[in-house]
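Starting off with a structure, shown below.
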Number of protein chains: 2
Amino acid sequence: MYTIKEVAKIMDVSEHTLRFWAKSGFFPFVERDSNNIRQFSDNDLEWVRIVKCLRAVGTENKAIKKYIDLCVAGDSTIKDRYKIIQETKQKALNQMEELKKQLDVLDFKENFYRNLIEHNLEDTWNPMNKRKTGAKTV
Amino acid sequence: MYTIKEVAKIMDVSEHTLRFWAKSGFFPFVERDSNNIRQFSDNDLEWVRIVKCLRAVGTENKAIKKYIDLCVAGDSTIKDRYKIIQETKQKALNQMEELKKQLDVLDFKENFYRNLIEHNLEDTWNPMNKRKTGAKTV
DNA sequence: ATATTTCTTGAGAGTTACTCTAAGTCAAGA
DNA sequence: TCTTGACTTAGAGTAACTCTCAAGAAATAT
């Protein structure tokens, strides 16, 4: 059994966020001790893992709650859950593609600036070489 | 020259977001026509592209504004901008790694559910096979 | 020539998902 | 006993949109 602080450290999620998620109904089986302190089991950690995963790929909390509810409902919802996981995977793959595109933009920018620095930097101090307003480089 | 609607379509960013970004000072060189309508130039589109890119990898708007201000300041800030682009690239690569990890979690889940569906689904309808409360699968 | 539709504008309210603060309970250690 | 520290809740604050609205101009329809 783990306190919320331990879970925060193990799963790398802030205590605040864990409480927020708990209040959102994402951990339906976490128990409390005699002092009302949350006691996370190893099984509960798996719930944290999957919530963290769904959040990381941009799933809305409303949708996460629906998935959690399906889990709670039991074996009859396995196919629904399977479908959600597949859709989520596809979303993650799309994000990967998008991230690659943005990395291309950044690579281009990096080369552009490196080139400027390596070949034209002395021009910077030349007052004859001022750019016209409105045409500045991003 | 493009209206905000055209830019929204070309760059795949909503008009609302473009106005929000404009108000945040991200497009310092966009001009207006006689009716106060924004006229984006091709050069302005490059500003939209880089802002979109920085946002996509999680750069805060405050930090984007700083980058924009460096651009406006001119050639003397090229080395600072180069450094920001490099840091941003590193951030994007880290996100790629994180996304890969979450994809592993999703792959595991997918296999887990597929296995259940392929081999144990008939158990679902067997009332003898109810899981104990608190041990449900996420 | 007038009516209607379509665009754009700014201001400002609403939303999501945290993130933080305040005020309080409780138990163990100096 | 006092204090420290972990925990609790409610609720305020924040970032970055996201949406609604009313007003004004221009294009199109009648």
Side-chain angles (χ1 to χ4, degrees), chain A residues 1-28 30-41 44-45 47-69 88 91 95 98 102, chain B residues 1-28 30-41 44-45 47-69 88 91 95 98 102:
Chain A
M1 293 298 198
Y2 312 93
T3 64
I4 206 164
K5 187 171 205 172
E6 288 164 340
V7 177
K9 190 166 187 184
I10 294 167
M11 302 301 294
D12 195 28
V13 177
S14 83
E15 294 179 46
H16 284 306
T17 299
L18 285 172
R19 285 204 192 89
F20 177 75
W21 286 353
K23 209 160 96 178
S24 304
F26 293 173
F27 313 134
V30 171
E31 310 206 334
R32 306 289 190 117
D33 70 7
S34 58
N35 293 312
N36 199 32
I37 308 288
R38 289 185 188 83
Q39 301 288 308
F40 287 76
S41 69
D44 291 325
L45 289 194
W47 292 68
V48 177
R49 189 188 315 285
I50 195 74
V51 168
K52 192 188 170 186
C53 178
L54 291 171
R55 277 306 298 132
V57 304
T59 309
E60 285 182 13
N61 287 7
K62 226 179 257 179
I64 292 178
K65 183 54 167 45
K66 276 185 194 159
Y67 178 79
I68 296 290
D69 288 344
T88 307
K91 239 173 58 175
Q95 274 174 46
E98 180 61 24
Q102 302 304 344
Chain B
M1 291 298 198
Y2 312 93
T3 65
I4 206 164
K5 187 171 204 173
E6 289 165 339
V7 177
K9 191 164 187 187
I10 295 167
M11 302 302 294
D12 195 29
V13 177
S14 83
E15 293 179 46
H16 286 307
T17 299
L18 285 172
R19 285 205 194 88
F20 176 75
W21 286 354
K23 208 161 95 180
S24 303
F26 292 174
F27 313 133
V30 171
E31 309 205 337
R32 307 291 188 115
D33 69 6
S34 59
N35 292 313
N36 200 32
I37 308 287
R38 288 184 188 84
Q39 301 289 309
F40 287 77
S41 69
D44 290 324
L45 289 194
W47 291 68
V48 177
R49 187 189 317 286
I50 196 73
V51 168
K52 191 188 171 186
C53 178
L54 292 171
R55 277 306 298 132
V57 304
T59 309
E60 285 181 14
N61 287 7
K62 225 178 258 180
I64 292 178
K65 184 54 167 48
K66 275 183 193 158
Y67 178 78
I68 296 291
D69 288 345
T88 306
K91 239 174 58 176
Q95 273 174 46
E98 180 61 24
Q102 302 303 344

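A note on names: the letters A, B, ... follow the listed sequences, proteins ahead of strands, and every chain is numbered from 1.
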Fill in: B:Ile37 CD1 to B:Lys5 NZ distance, which is reported to the nearest 0.5 Å
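Result: 12.5 Å between the selected atoms.
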Worksheet item: D:dA26 phosphate, OP1 or OP2: any side-chain N/O from B:Asn35 under 4.0 angstrom?
Response: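 The answer is yes; a side-chain N or O of B:Asn35 sits under 4.0 Å from OP1 or OP2.
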Item to complete: Have a look at the helix from C:dA1-D:dT30 to C:dA30-D:dT1 and give the angle its two end axes make, five pairs each, rounded to 10 degrees.
Response: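 Answer rounded to 10°: the end axes differ by 10°.
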Worksheet item: With respect to the phosphate group of C:dG10, does any side-chain polar atom (N or O) of B:Arg32 fall under 4.0 Å of OP1 or OP2?
Response: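 Result: yes.
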Worksheet item: How many Å lie between CD on B:Glu6 and C1' on C:dT8, as a whole number?
Response: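 The answer, rounded to whole Å, is 12 Å.
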Fill in: Side-chain touch B:Ile50/B:Tyr67, heavy atoms, less than 4.5 angstrom
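Yes - at least one pair of side-chain heavy atoms lies under 4.5 Å apart.
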Worksheet item: Taking CZ from B:Phe40 and C1' from C:dC7, how many angstroms apart are they, rounded to a whole number?
Response: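 That distance rounds to 15 Å.
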Practice prompt. Round to a whole Å and report the spacing from NZ of B:Lys23 to P of D:dT18.
Written response: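 Taking NZ of B:Lys23 and P of D:dT18, I get 15 Å after rounding.
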Discussion item. Please classify the nucleic acid contact of A:Ser24 as base, sugar-phosphate, or nothing, using heavy-atom distances under 4.0 Å.
Written reply: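 The answer is nothing, as A:Ser24 stays clear of every strand by at least 4.0 Å.
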Item to complete: Provide, to the nearest angstrom, the distance between the OH atom belonging to B:Tyr2 and the P atom belonging to C:dT8.
Response: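 Result: 15 Å.
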Worksheet item: Contact class for A:Ser14 (heavy atom, under 4.0 Å): base, sugar-phosphate, or nothing?
Response: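 Contact class for A:Ser14: none.
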Discussion item. Output the rounded distance in Å from CG (A:Leu18) to P (D:dT9).
Written reply: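 Between P of D:dT9 and CG of A:Leu18: 13 Å.
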Worksheet item: Tell me, do B:Leu45 and B:Val7 make a side-chain contact under 4.5 Å, heavy atoms counted?
Response: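 Contact flag for B:Leu45/B:Val7 side chains = yes.
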Practice prompt. Kindly indicate whether the side chain of A:Trp47, heavy atoms from C-beta on, has any atom under 4.5 Å from the side chain of A:Pro28.
Written response: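 With C-beta onward as the side chain, the pair touches.
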Worksheet entry | Proximity to DNA chain C (any heavy atom under 4.0 Å), residues of residues 56-64 of chain A only |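 Within this stretch, A:Glu60, A:Asn61, A:Lys62 sit under 4.0 Å of the strand.
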Worksheet item: Nearest to the side chain of A:Thr17 - C:dT19, C:dA17, C:dT8?
Response: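 Nearest to the side-chain atoms of A:Thr17, counting from C-beta on, is C:dT19.
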Worksheet item: Got a second to check how far A:Phe26's CZ is from A:Asn61's CG, nearest 0.5 Å?
Response: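 A:Phe26 CZ to A:Asn61 CG: 4.0 Å, rounded to 0.5 Å.
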Worksheet item: Does atom CD of A:Glu31 have more than 12 heavy-atom neighbours from other groups under 6.0 Å away?
Response: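 At most 12 heavy atoms, drawn from other residues, nucleotides or ligands, come within 6.0 Å of this atom.
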Fill in: OP1 or OP2 of D:dC17 under 4.0 Å from side-chain N/O of B:Trp21
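Answer yes for this pair, as a side-chain N or O of B:Trp21 is under 4.0 Å from OP1 or OP2.
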Fill in: Pairs satisfying salt bridge (Lys or Arg N to Asp or Glu O under 4.0 Å), at least one member in residues 57-67 of chain A, at least two apart
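Matches after skipping sequence neighbours: A:Lys65-A:Asp69.
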Worksheet item: When the distance from CD of A:Glu15 to P of C:dT19 is rounded to whole Å, what number comes out?
Response: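 Atom CD in A:Glu15 sits about 14 Å away from atom P in C:dT19.
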Discussion item. Can you identify which nucleotide, out of C:dT9, D:dC17, D:dC7, has its nearest atom closest to the A:Ile37 side chain?
Written reply: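 Closest nucleotide among those given: D:dC7.
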Worksheet entry | Nearest-0.5 Å distance, CE of residue A:Met11 to CD of residue A:Glu6 |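 Answer rounded to 0.5 Å: 13.5 Å.
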Worksheet item: Is A:Arg38 close to A:Phe27 at the side-chain level, that is, under 4.5 Å between some pair of heavy atoms?
Response: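 A:Phe27 does not reach A:Arg38 side chain to side chain.
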Practice prompt. Would you indicate which nucleotide in C:dT9, D:dT8, D:dT18 comes nearest to any side-chain atom of A:Arg38?
Written response: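 The answer is D:dT8.
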Worksheet entry | Residue whose nearest DNA chain D nucleotide is more 5′ - B:Phe26 or A:His16 |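 Its nearest nucleotide lies further toward 5', so the answer is A:His16.
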Fill in: Distance, rounded to the nearest Å, where A:Phe20 contributes CZ and D:dA10 contributes P
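Distance, rounded to whole Å: 14 Å.
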Worksheet item: Quick one: CD on B:Gln39 to OG1 on B:Thr3, what's the gap to the nearest 0.5 Å?
Response: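 Rounded to the nearest 0.5 Å, the CD-OG1 separation comes out at 7.5 Å.
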Worksheet entry | Rounded interatomic separation in angstrom, taking NZ from B:Lys65 and P from D:dA16 |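 Whole-Å distance recorded here is 14 Å.
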Worksheet entry | Distance below 4.0 Å between A:Arg19 side-chain N/O and C:dA17 OP1 or OP2 |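 Checking A:Arg19 against C:dA17: no side-chain N or O falls below 4.0 Å of OP1 or OP2.
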